[in-house]
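Okay, structure first, notes after.
Remember, predicted model here, so these are calculated numbers, not experimental data.
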Amino acid sequence: MTDSAPDTPLPPLDAGLDPRLLEILVCPVTHGPLEYDRAAGELISRKASLAYPVRDGVPIMLPEEAREL
């Protein structure tokens, strides 16, 4: 039995943030979609008016860590 070729990893958005995360992450407050602001290094929830930081490629999805927009 042979293994099939491994999935090809997608290129990171920045510092290790996997673009597939945007497909599954939602705002913990509204459960709505998030937008990635590459320049600020934040995930934006327009519905909640919050920006969640991304530190070392890891989204910090805690409302108390988010900044208000």
Open item on the list: Just verifying a value: how many Å separate Leu43 CG and Ile60 CD1, rounded to the nearest 0.5 Å?
Closed with: 10.0 Å
Task: Atom pair CG/CD1 of Leu34 and Ile44 - distance to nearest 0.5 Å - done: 8.5 Å
Task: Qualifying side-chain hydrogen bond (donor to acceptor under 3.5 Å, both in side chains) pairs with a residue from residues 57-69, counting only residues at least two apart or across chains - done: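 Passing the test, one end in residues 57-69: Glu42-Arg67, Arg55-Glu65.
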Open item on the list: Counting C-beta onward and ignoring hydrogens, is there a side-chain heavy-atom pair between Leu69 and Arg46 closer than 4.5 Å?
Closed with: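 Yes - at least one pair of side-chain heavy atoms lies under 4.5 Å apart.
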Task: Non-hydrogen side-chain atoms of Thr30 and Ser45 separated by less than 4.5 Å - done: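 Answer yes - side chains close enough.
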Task: ILVMFWY network linking Ile24 to Leu22, side-chain heavy atoms under 4.5 angstrom - done: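 Same cluster.
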- [ ] Carefully, step by step, assess Tyr36 and Leu25 under the rule side-chain contact (heavy atoms from CB on, under 4.5 Å).
- [x] CA-CA 11 Å; Tyr36 182 58; Leu25 286 178; over 6 Å; no
Open item on the list: Show the nearest heavy-atom pair for residues Ala66 and Pro53, with the distance to one decimal.
Closed with: CA-CD, 4.3 Å
